[in-house]
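What you see is a predicted model, and the numbers here were worked out from it, not measured in a lab. First listed ligand is number 1; within each ligand, the first listed atom is number 1.
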Amino acid sequence: MSLHVETPLVHSRTLSLRTGKSVWLKLEALQPSGSFKLRGIGAACEVHARQGKTRFVSSSGGNAGIAVAYAGRQLGLPVTVVVPETTTRRARTLIEQEGAVIVVHGSSWQEANGLALQMLADPEAAFVHPFDDPIVWAGHSTMIDEVIAAGVQFDAVLLSVGGGGLLAGVAEGLERHGHRCPIIAVETEGAASLSRSVCEGRRVELDAITSIATSLGAKMVCERAFQLARDGDVRCWVVSDRQALDACEQFLDDHRVLVEPACGAALAALYEPTMDGLQDVESPLVIVCGGATADRAQLDAWRARLAG
Ligand SMILES: *Cc1c(COP(=O)(O)O)cnc(C)c1O
């Protein structure tokens with residue numbers, strides 16, 4: 001039994017009228033952990049449990065950490081999440097609410113991750129990577145199985161890119177069903193490690209993440225995502241934080257679902273009238289990847305910051 005749920009696939013009347021296209025939404029925001037991450041991370045945790053691991057360790061203060069915590073609770077195994085001091089109170093609460101132990105260590109993810117790796121001296125502990133793991137990609141690919149099984153027509157997939165696990169999983173699902181179509185891979189300015197890498201023809205590590213879309217804040221994408229973007233039918237787009245945030249607010253009004261700017265980035269490609277890379281697309285499938293770490297107050301705080 002998988003830990004994720006089958007999510008609704010809905011036709012968006014509002015976005016279709018707005019864009020003159022037939023827009024489908026895969027509502028991964030409705031996963032019990034609040035994001036698509038549960039698909040891949042749940043699958044990875046199940047494999048580790050079958051292989052005899054008795055505890056999970058994560059160093060993500062975001063949706064990956066929440067997904068590991070959720071998976072551990074469902075499987076009855078303890079979880080430790082090591083996060084840096086910068087992790088928001090809300091994210092800590094969400095992780096603790098799933099029964100995981102939080103250890104706060106260091107001022108950056110690198111330091112937290114260093115401590116998490118030390119905990120793996122215990123051979124019964126499994127480290128769960130947020131995006132760079134073929135089991136995680138296979139788990140994510142199940143969202144495409146559901147869309148294909150529903151029989152809807154789509155001629156492009158729109159999604160956001162952080163470390164590239166979602167991109168790798170969606171590409172795997174499309175490939176499995178022989179469904180050829182472009183993937184529009186969206187990042188925000190200040191977190192655009194994939195688009196930079198494609199421009200430079202090599203995998204680039206960003207000096208810093210400056211976007212509010214912290215869930216897209218991998219300084220370097222995984223090798224698989226880079227290969228797909230270089231060799232496959234992947235179009236890289238970069239939107240501003242403001243465009244991503246506008247899209248979150250519009251989407252909340254239109255579809256009554258609150259998502260993080262990391263997800264708003266992909267939605268911005270439809271809400272933004274100046275985006276012109278979709279002329280040849282008639283029916284985009286948007287992966288509404290979700291994200292649990294923003295609430296209304298946080299959206300307001302970002303709005304104030306971007307206005308200032
Ligand atoms: C993790 C995450 C992403 C990016 O996924 P990657 O697999 O790292 O590319 C996008 N949106 C949300 C809400 C996320 O949690």
Side-chain angles (χ1 to χ4, degrees), residues 4 7 26-44 58-70 87-88 90-91 94-95 109 128-141 143 157-173 183-188 191-195 197 203 206 209 211-226 228-229 234 236-237 239 244-245 247-248 251 257-269 286-295 298-299:
H4 66 265
T7 53
K26 184 66 172 154
L27 291 176
E28 289 300 300
L30 302 185
Q31 289 294 348
S33 73
S35 80
F36 75 97
K37 286 241 170 45
L38 185 58
R39 287 187 188 263
I41 286 178
S58 166
S59 57
S60 163
N63 295 301
I66 300 168
V68 176
Y70 177 88
T87 303
T88 61
R90 176 174 168 83
L94 290 169
I95 292 167
W109 174 79
V128 186
H129 198 282
F131 58 81
D132 195 4
D133 177 352
I135 301 172
V136 169
W137 309 334
H140 294 340
S141 77
M143 70 181 75
V157 181
L158 251 142
L159 49 74
S160 334
V161 173
L166 177 60
L167 169 62
V170 164
E172 182 176 323
I183 297 177
I184 300 168
V186 191
E187 297 171 291
T188 47
S193 45
L194 181 65
S195 128
S197 299
R203 211 149 56 106
L206 302 178
I209 300 297
S211 170
I212 61 170
T214 49
S215 295
L216 304 184
K219 286 187 180 170
M220 185 156 77
V221 295
C222 62
E223 180 64 32
R224 176 75 188 136
F226 175 61
L228 283 164
V234 175
C236 290
W237 283 8
V239 301
L245 186 61
C248 292
F251 190 73
V257 175
L258 196 156
V259 298
E260 289 180 16
C263 176
L267 293 166
V286 189
I287 307 300
V288 183
C289 56
T293 71
D295 53 14
Q298 180 67 71
L299 292 189

Discussion item. Suppose I only count heavy atoms of G291 and a 4.0 Å limit; which atoms of ligand 1 are within that range?
Written reply: 13 (C)

Discussion item. Please list, in number order, the atoms of ligand 1 under 4.0 Å from a heavy atom of V161.
Written reply: 9 (O)

Fill in: Residue part near ligand 1, for H140, under 4.0 Å between non-hydrogen atoms
neither

Any N/O pair [X]/ligand 1 closer than 3.5 Å:
X	result
E260	no
G165	yes
C289	no
N63	yes
G163	yes

Worksheet item: Between A247 and G264, which heavy-atom pair has the shortest distance, and what is it?
Response: CB-O, 3.4 Å

Worksheet entry | Closest non-hydrogen atom pair, A244 against A265 | CB-N, 3.8 Å

Protein contact of [atom] - nearest heavy atom, named by residue and atom, plus distance:
atom	value
atom 10 (C) of ligand 1	L216 CD2, 3.5 Å
atom 5 (O) of ligand 1	F36 CZ, 3.4 Å
atom 4 (C) of ligand 1	G162 N, 3.5 Å
atom 14 (C) of ligand 1	K37 NZ, 2.9 Å

Side chain proximity check, [X] to [Y], heavy atoms < 4.5 angstrom:
X	Y	result
L299	L258	yes
L166	C289	yes
F131	V136	no

Worksheet entry | Those residues that, when tested against Y70, pass ring-ring contact (aromatic ring centres under 6.0 Å, His included) (two or more places apart) | none

Worksheet, complete the sentence: Of G65, S215, G164, the one whose closest heavy atom lies nearest atom 9 (O) of ligand 1 is G164

Practice prompt. Closest by any non-hydrogen atom to atom 13 (C) of ligand 1: pick that one out of G290, C263, S35, G34.
Written response: G290

Worksheet entry | Qualifying residue for side chain to side chain donor-acceptor pair (under 3.5 Å) with E28, from R39, H140, K37 | R39

Worksheet item: So how far is it from L206 CG to L194 CG, rounded to the nearest 0.5 Å?
Response: 10.5 Å

Item to complete: Supply the atom-to-atom distance I41 CD1 to S35 OG, rounded to the nearest 0.5 angstrom.
Response: 7.5 Å

